[in-house]
Amino acid sequence: MDSTTIIYYVCCLLSFVPAIVFHEVAHGFAAYRLGDPTAKAAGRLTLNPLAHVDPFGSVILPLLMMIMGGPVFGYAKPVPYNPTFFKNKRTGDFIVGMAGPAANLLMALLGSGVAIALSGTVEALSMTSQPPMVLMYFYYWFLPLFIIVNLYLMFFNLIPVPPLDGSSIFALFVPKGKMHMYYKIEQYAMPVLLVLLFLVPYVTGFSPIGVYLDVTAGNLANLICPVIATGKLHLGHYVGSLRRRVELQNSGEFDRIFVMIADAQALTDNADNPEKVRQNVIEVVLDYLSCGLDPEKTTIFVQSQVPQLFELTAYYMNLVTVARVQRNPTVKQEIQMRGFNADIPTGFFTYPISQAADITAFKATTVPVGEDQLPMIEQTREIVRSFNRIYGEVLVEPEAVIPEGEAAKRLPGTDGKAKMSKSLGNGIYLSDSAEEVAKKVKGMYTDPGHLQVADPGKVEGNAVFMYLDAFCEDRHFAEYLPEYANLQEMKDHYMRGGLGDVKCKKFLTRVLEETLEPIRARRHELEQDIPAVYDILRRGSEQARAVAAQTLEECKNAMRINYFSDEELIAAQSERYRAAE
């Protein structure tokens, strides 16, 4: 288990334990205020976790379930209370039952308040340098987990099943004459809950409790949690498509090149936080320009500023079935990564169709993409074939261009994980300082079995060598590591032993700096005249609108929905009604 995974589990545990402690203390405190001294006498009005935590149910079981990838489930020692001390037993049960979920709601709101207070600081630090890793883990991992864990605990306990709090809460609303029936039903409720919680998801792959928690806790967390990733691009973006776009731009093989900033697509899972998307547009275009995209050769535009794309999307939707979108492996992966279940935004679900409009509006023949985006391009090709078959040859079927080399196709995070992301803290960003790049490379995942320099090492799955595969050239060895003629010689030495990780990482740092230093310098220049950068986007969007409008007109003509420009249609209809007289 790597260090990043361990940190994630620690954050989960540090979120879960306070949530259940405050939950149980709230029960005991409510009972005490209602005249019941039982919880106080048992020492359960303390915030000391040892008084409430069940070693197995509160620590071992949740960790085991996280490691196994199952639904996280845990419990604490129930707080004892005696309802005979209450003036009104039913009302007292209701208040004590509500106290636990209410405490979790207050904790979630507290976490949200801290996140909001820190958001400006984190964003400001991210604009100039990499914030301290402790702050990153706290802001991007612990706070969202703390909020969602408290909300999940609240809504889970509101289920009216004993021994959950919802049982005593719901009992207040059951007529006294029906209470005997309620108590009879209660005894069967817990087995039913366990079946829904564990057996049904295992057998069918569908979790009804999971859907309930996503719709309730998940949506509320999205509403109150401001923690978001920044829009800066990392090395994965660079080797995945951006480097290839610059090469194609400078090849002289293409009449026109279009590069889109997909702000409308970003809104499909950020509809409640448009300011995030708004701020990220400038970050992305700065990175694009810094990497060598030239607005004199490449039209850079903003998706939302080209309305023709959305009209084309509407027409293409009639050519694609829901089942076909569901089979798209990229869509499946994105849905899983974002934790969507039944609450998938429709715009997010249909973004492969929107992407087809983004490509075909400009009659693109070549689309540089990462390997994971190939299913999206194939779906675009299917839409083109369907449209041309039904309406006539209008659209152009694009070809995908993927990076050369396995490492460039799927560059991992610095921790060796398959995906780079801000939230995981495992990315090297194009705007990172030289010091930050060196620091990240120094902590990069290698071969855990390569403990001594003399030990034979593995290069497969070793992030250092995967990055070298993506960035290193033979000339780098002549300049920085002349004892090797090429990367294969270096790999051979590492595999037979005698080559240390520190030396490999120092070499990688120098190789990366050759790419990143000019990008960093160019970005600094561009940041001095932000109005000019927005002007590039404005002019690019105007040019893109003109091209997309022409394609849209051709499509509408082919579909025969060009009512006002089809003079033959107007003349024919005029003749028809004159003849009817």
Side-chain angles (χ1 to χ4, degrees), residues 11-36 38-40 42-54 57-58 62 72-81 86 91-120 138-161 163-172 209 212-228 272-273:
C11 287
C12 289
L13 188 61
L14 291 178
S15 304
F16 184 70
V17 171
I20 60 174
V21 167
F22 277 89
H23 183 98
E24 297 300 335
V25 169
H27 284 316
F29 183 75
Y32 177 72
R33 296 292 295 175
L34 290 172
D36 176 16
T38 306
K40 184 177 182 181
R44 298 299 299 277
L45 298 188
T46 176
L47 293 178
N48 183 354
L50 298 179
H52 307 280
V53 167
D54 181 275
S58 307
V72 178
F73 182 76
Y75 54 86
K77 299 174 185 176
V79 170
Y81 75 95
F86 303 155
T91 303
D93 278 342
F94 173 82
I95 294 173
V96 172
M98 279 295 297
N104 290 129
L105 178 59
L106 289 174
M107 294 291 285
L109 292 173
L110 175 64
S112 175
V114 173
I116 291 171
L118 285 176
S119 61
F138 180 75
Y139 183 73
Y140 283 109
W141 283 15
F142 174 75
L143 284 177
L145 284 168
F146 183 78
I147 292 169
I148 194 66
V149 164
N150 273 282
L151 293 177
Y152 269 51
L153 192 60
M154 177 185 78
F155 281 105
F156 182 74
N157 273 281
L158 289 176
I159 298 174
V161 173
L164 302 182
D165 303 327
S167 175
S168 55
I169 295 170
F170 184 74
L172 181 68
I209 300 298
Y212 160 70
L213 292 176
D214 280 345
V215 171
T216 53
N219 283 332
L220 183 55
N222 288 335
L223 181 64
I224 69 174
C225 183
V227 178
I228 55 176
D272 58 346
N273 196 354

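Computed from heavy atoms alone, side chains included, the values below leave out hydrogens, waters and symmetry copies.
Looking at heavy atoms from C-beta onward, L14 lies out of side-chain contact with F138 at the 4.5 angstrom threshold. Residues V53 and F16 form no side-chain contact, since every pair of their non-hydrogen atoms from C-beta on lies 4.5 Å or further apart. A heavy-atom distance below 4.5 Å is not found between the side chains of N150 and L105. Under the 4.5 Å side-chain criterion, counting only non-hydrogen atoms from C-beta, H52 is in contact with V25. A 4.5 Å side-chain heavy-atom check between L106 and F22 finds every atom pair outside the cut-off. Residues K77 and E24 form no side-chain contact, since every pair of their non-hydrogen atoms from C-beta on lies 4.5 Å or further apart. Annotation: side chain of M107 is not in contact with side chain of L153 (no heavy-atom distance under 4.5 Å). Proximity of V96 to V79: side-chain heavy atoms (C-beta onward) are nowhere separated by under 4.5 Å.
One finds the OG1 atom of T91 at 5.5 Å from the CG atom of L172 (value rounded to the nearest 0.5 Å). Summarising the geometry, atom CG belonging to L109 is positioned 11.0 Å from atom CG belonging to N104; distances are rounded to the nearest 0.5 Å.
The two residues P18 and S15 make their nearest non-hydrogen contact at CD-O, 3.6 Å. Minimum heavy-atom separation, V149 to A19: CG1-CB, 3.9 Å. Between P101 and N157, the closest heavy-atom pair is CG-CB, 4.4 Å. The minimum heavy-atom distance linking P78 with R44 is given by the pair O-NH1, 3.2 Å. Here the closest non-hydrogen pair linking G111 and F146 is CA-CD2, 4.1 Å. Summarising the geometry of A51 relative to T46, their closest heavy-atom pair is CB-CG2, 3.6 Å, with the distance given to 0.1 Å.
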Check the pair I95 / R33 against side chain to side chain contact (heavy atoms under 4.5 Å, CB included), numbers first and verdict last. CA-CA 10 Å; I95 294 173; R33 296 292 295 175; over 6 Å; no
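Ring-centre distance between F156 and Y152: not below the 6.0 Å cut-off.
The number of heavy-atom neighbours closer than 6.0 Å to CZ of F155, taken from other residues, nucleotides and ligands shown, is above 12.
The side chain to side chain donor-acceptor pair (under 3.5 Å) check on T38 picks up D36, with sequence neighbours excluded.
Of the possible donor and acceptor atoms, one in the side chain of S168 sits under 3.5 Å from a partner among the backbone N and O of D165.
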